[in-house]
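Since the structure comes first, as structure tokens, the remarks are kept for the end.
First the proteins, then the strands, lettered A, B, ... as listed; each starts at 1.
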Amino acid sequence: MKMNNIELPAEQTPEFSSVDETSLIVVIFDSNPGQKLLRDNPHILTHCLDSIIAFSNSHLMQKAQNKLAVMACHSKKSEFIFPGSGKPLDVRQIDGQYETFTLVEKTIKQNLAKHLAGESPMLNTESLLAGAIAMALCYIARLQRSKSPGCMLNSRILVVTGSSDSAMQYMNYMNVFFTAQKQNVVIDVCALDQHLSLLQQGCDITGGLYLKIPQLQGLLQYLLWVFLPEPPIRQKLVLPPPAKVDYRAACFCHRELIDIGYVCSVCLSIFCKFSPICTTCHTVFKIPPLAVKAKKKKIKL
Amino acid sequence: MDEDDPKEYRWETGYEKTWEAIKEDDEGFLEASIADIIQRAKRKRQSKKVYGTKLGMMRHLYVILDCSESMSSQDLKPTRLICSLKLLEGFMEEFFDQNPISQIGVIIMHNKRAEKIMNLAGNARKHIKSLKNLNKTTLVGEPSLQNGLEMALKSLKSLPTHASREILIIMGSLTTCDPSDINSTIESLKKEGIRCSVIGLAAEVYICKLLADKTGGVYNVILDDSHFKDLLYQQIDPPPAACGQESNLIKMGFPHQMAVEGTEEPLTMCMCHVDSIDEGSKLTTGGYYCPQCYSKYCELPVECRACGLTLVSAPHLARSYHHLFPAMNYKEFAYENQAEICSGCQKQFTENEKEVYKCPNCNNYFCIDCDIFVHETLHTCPGCATNSSTFQLTQTG
């Protein structure tokens with residue numbers, strides 16, 4: 001019964017809008033204990049979690065139809081901690097608090113504790129955020145499929161993370177960004193500790209917001225001010241200006257950003273200098289165009 | 001026609017008892033069963049994708065559209081032409097989305113002549129606009145397949161050899177009116193390594209089949225409009241590289257904003273709109289600058305008009321990577337309570353579940369919807385990508 005508020009779109013309020021609009025947020029919380037931020041100061045986890053719970057409840061409070069999902073992302077496994085698998089918890093009203101809020105808080109805390117307890121002592125510092133976003137996209141795709149006709153489901157993903165993004169996940173990141181763009185899912189990123197250039201590209205591709213928060217103490221404030229308003233409303237607000245995203249490519253040979261490079265016609269690997277053999281797919285290139293191009297270059301210089 | 005060609009003529013193939021495949025569900029509806037057939041077909045095509053084949057990634061495709069009298073026939077609603085144009089619009093969008101550094105040109109055949117509507121270019125919006133204008137073309141006379149092919153051949157011949165060169169013909173007519181022997185044209189197409197595919201709107205025609213056969217393309221005749229769409233969209237995936245295709249390193253520019261911290265960028269015009277009539281160039285700040293000659297463009301990817309350098313951004317290249325490194329195919333298992341929930345969408349498996357799908361790499365179970373979503377759209381297995389011991393394997397093989 002209590003879940004109804006979250007799981008089912010309400011059927012009334014035709015006087016306000018002609019279509020039933022539901023707004024879904026999937027919060028991906030990077031709770032990997034291996035990340036630097038949490039290793040230095042484990043108490044931050046509680047602080048972040050409280051902020052996220054308050055943020056989630058604010059989202060549910062805005063409209064009765066709004067939906068919520070929360071995921072915990074680690075290096076070995078990512079899990080939905082709300083709504084968890086199995087039956088919803090049995091909650092009673094405490095201190096006059098709306099039952100759904102109690103349910104959200106209890107479910108998230110319980111499932112996260114379970115998830116953290118299952119973490120192996122071998123800590124890995126890299127959280128696999130791309131995988132978590134992939135799971136979130138599958139989840140959103142299912143809700144899109146199962147929604148009743150005539151309903152609108154606006155979905156977005158909010159990533160809250162303190163770890164860094166590495167080029168190891170580059171391909172996975174790109175796949176999820178383009179899928180999100182295709183499915184009209186907005187990806188917002190709230191960076192707690194380090195600047196995340198790959199995720200910033202993802203925000204730019206999907207039309208979301210990227211913010212590296214200057215002060216961790218004010219996390220809830222930033223969440224509520226910047227990330228709570230829905231994307232159509234954001235244009236009317238004064239928000240942190242979008243940073244210019246650097247879309248230059250890094251060459252495969254030295255991992256340096258380049259302006260002009262050579263691209264293998266077979267596998268699209270990028271090199272900063274001409275080489276006769278592609279190191280990725282081992283294709284042998286024919287030499288003649290090199291001579292022409294080298295000449296051209298000399299003239300230019 | 002080759003004697004050993006296993007494919008018979010369409011009217012010779014065995015009677016397909018399609019009605020036996022369709023079964024009513026509990027409430028007596030057929031829809032679920034039809035959806036099932038479609039999903040199965042998707043899976044089958046998916047499983048054919050082989051890992052690690054060399055693909056022609058830089059594609060140059062000419063779409064040759066029949067605009068003869070036969071295209072006014074109303075067997076496709078409202079007419080064959082309008083239906084084809086509508087589908088082509090979607091096709092172009094999807095094509096450029098999946099093949100960002102490729103180019104398409106459009107040729108129409110009518111009144112025994114071929115006419116080039118669009119030169120090879122990589123801008124989806126311009127293409128769609130010119131397709132919309134085709135609505136008003138008068139459908140007269142017979143098409144000339146040879147003239148159409150010759151025109152495409154002339155243009156494709158001059159392209160560098162590393163490009164994948166293709167022709168897609170949409171043929172409504174059952175006849176072609178050619179100035180000379182079409183077989184010689186087919187021979188020269190074959191020699192150049194140009195892949196020709198034909199989609200027939202009426203019935204199978206020998207010369208089309210021969211053309212597709214000799215040049216390594218595919219020939220199909222549509223059943224109805226949804227089948228037409230299906231066949232058309234099959235052309236979106238890059239084909240395996242032609243054997244004669246040479247590989248090459250191509251010089252490309254990666255433009256970035258010139259803005260220096262603290263200074264406003266000057267107002268400038270972009271090169272893409274500078275001489276267009278209907279959409280005048282506006283003075284704007286920002287844009288992409290060619291790293292070689294500093295011409296400004298408002299959109300990527302584009303070929304620099306001043307110095308001819310191909311300008312792309314890194315995500316454009318990344319968009320094509322999934323063709324080269326597809327997600328591993330899942331294996332089908334009958335459902336015997338192997339898992340409680342789908343590892344992707346968290347759907348609870350119930351008794352109604354017939355099959356579940358297991359990733360051979362991360363051993364997670366998925367439902368059929370996720371299987372299709374992962375392989376058609378996402379191209380990343382969510383199970384593999386969330387585990388540090390498997391997330392890299394999907395990329396390196």
Side-chain angles (χ1 to χ4, degrees), chain A residues 73-78 80 85-86 124 126 128 130-132 134-135 137-139 141-142 145 168-172 174-179 182-183 201 205 244 246-250 257-268 270-271 274-275 278 281 283-286 289-290 293 300, chain B residues 54-55 57-58 97 101 160 162-163 241 246-257 259 291-292 300 309-310 312-315 317-322 324-325 340-348 369-370 373-374 377-389 391-392 394-395:
Chain A
C73 171
H74 285 204
S75 60
K76 289 261 185 247
K77 205 177 171 201
S78 293
F80 276 81
S85 54
N124 197 324
E126 192 176 2
L128 297 178
M135 276 174 82
L137 287 170
C138 285
Y139 180 76
R142 173 166 70 99
R145 277 194 300 270
M168 307 265 272
Q169 294 183 70
Y170 184 77
M171 203 113 55
N172 288 344
M174 286 302 151
N175 282 337
V176 297
F177 294 156
F178 292 130
T179 309
K182 226 184 211 173
Q183 312 279 103
Q201 291 187 16
I205 290 169
K244 294 249 159 113
D246 194 351
Y247 275 127
R248 268 182 303 167
L257 292 175
I258 48 170
D259 279 340
I260 297 178
Y262 294 90
V263 176
C264 167
S265 69
V266 178
C267 68
L268 303 181
I270 306 161
F271 302 99
F274 187 93
S275 70
C278 171
C281 64
T283 309
V284 181
F285 302 120
K286 57 171 189 176
L290 167 72
K293 266 173 190 153
K300 279 257 141 72
Chain B
K54 283 188 180 177
L55 300 174
M57 300 298 290
M58 290 177 192
D97 188 57
I101 41 175
H162 61 255
E246 282 167 29
S247 21
N248 217 332
L249 272 182
I250 301 140
K251 201 174 173 187
M252 283 192 188
F254 299 92
H256 57 108
Q257 275 99 355
Q292 198 160 259
L300 292 182
L309 190 68
T310 312
V312 291
S313 72
L317 294 180
R319 221 181 252 274
S320 311
Y321 285 151
H322 73 254
L324 302 161
F325 310 100
E340 270 177 31
I341 55 166
C342 163
S343 306
C345 67
Q346 311 295 308
K347 188 176 92 169
Q348 203 104 36
D369 291 319
C370 278
F373 180 70
V374 164
T377 326
L378 195 55
H379 307 294
T380 292
C381 169
C384 298
T386 47
N387 194 331
S388 55
S389 56
F391 85 100
Q392 285 256 301
T394 52
Q395 295 162 21

Max heavy-atom pair count under 4.5 Å with chain B, selected residue of Cys278(A), Gly131(A), Gly261(A): Gly261(A)
Partners meeting ring-ring contact (aromatic ring centres under 6.0 Å, His included) with Phe373(B) (sequence neighbours left out): none
Nearest-0.5 Å distance, CZ of residue Phe274(A) to NZ of residue Lys251(B): 12.0 Å
Heavy-atom contact with chain B under 4.5 Å, split by part of Lys77(A): backbone
Shortest non-hydrogen contact between Pro291(B) and Ile260(A), atoms and distance: CG-CG1, 3.7 Å
Part of Phe177(A) lying under 4.5 Å from any heavy atom of chain B: neither
Heavy-atom proximity to chain A below 4.5 Å, by part of Thr310(B): neither
Whether Asn172(A) side chain and Ala385(B) backbone form a donor-acceptor pair below 3.5 Å: no
Residue part contacting chain A, namely of Val312(B), when any heavy atom lies under 4.5 Å: neither
Nearest-0.5 Å distance that lies between atom OG1 in Thr380(B) and atom CD in Gln169(A): 10.0 Å
Reported CZ-to-CD1 distance for the pair Phe80(A) and Ile341(B), which is rounded to 0.5 angstrom: 9.0 Å
Donor-acceptor contact present, side-chain Tyr321(B) to main-chain Leu268(A), <3.5 Å: yes
Least distance between heavy atoms, Tyr139(A) atom then Cys345(B) atom: CD1-O, 3.5 Å
Any side-chain heavy-atom pair of Leu249(B) and Phe271(A) under 4.5 Å: yes
Those residues that, when tested against Phe254(B), pass ring-ring contact (aromatic ring centres under 6.0 Å, His included) (two or more places apart): none
Distance, nearest 0.5 Å, that separates CD1 of Ile250(B) from SG of Cys264(A): 7.5 Å
Greater than 12 external heavy atoms within 6.0 Å of Glu340(B)'s CD: no
Choice from Gln201(A), Arg145(A), Glu126(A) maximising heavy atom contacts with chain B below 4.5 Å: Arg145(A)
Heavy-atom pair count under 4.5 Å with chain A, highest-scoring of Ser313(B), Pro315(B), Cys370(B): Pro315(B)
Per-residue contact mode, Ile258(A) against chain B (heavy atom under 4.5 angstrom): both
Residues Met135(A), Thr386(B); criterion side chain to side chain contact (heavy atoms under 4.5 Å, CB included); working and verdict: CA-CA 9 Å; Met135(A) 276 174 82; Thr386(B) 47; 3.8 Å; yes
Ionic contact status for Asp369(B) with Arg142(A), cut-off 4.0 Å: no
Segment of Met174(A) engaging chain B (4.5 angstrom heavy-atom cut-off): side chain
NE2 on His379(B) to OG1 on Thr179(A), rounded to 0.5 Å: 6.5 Å
Option that, when pairs with chain A are counted at under 4.5 Å, heavy atom only, ranks first among Asp97(B), Thr377(B), Leu309(B): Thr377(B)
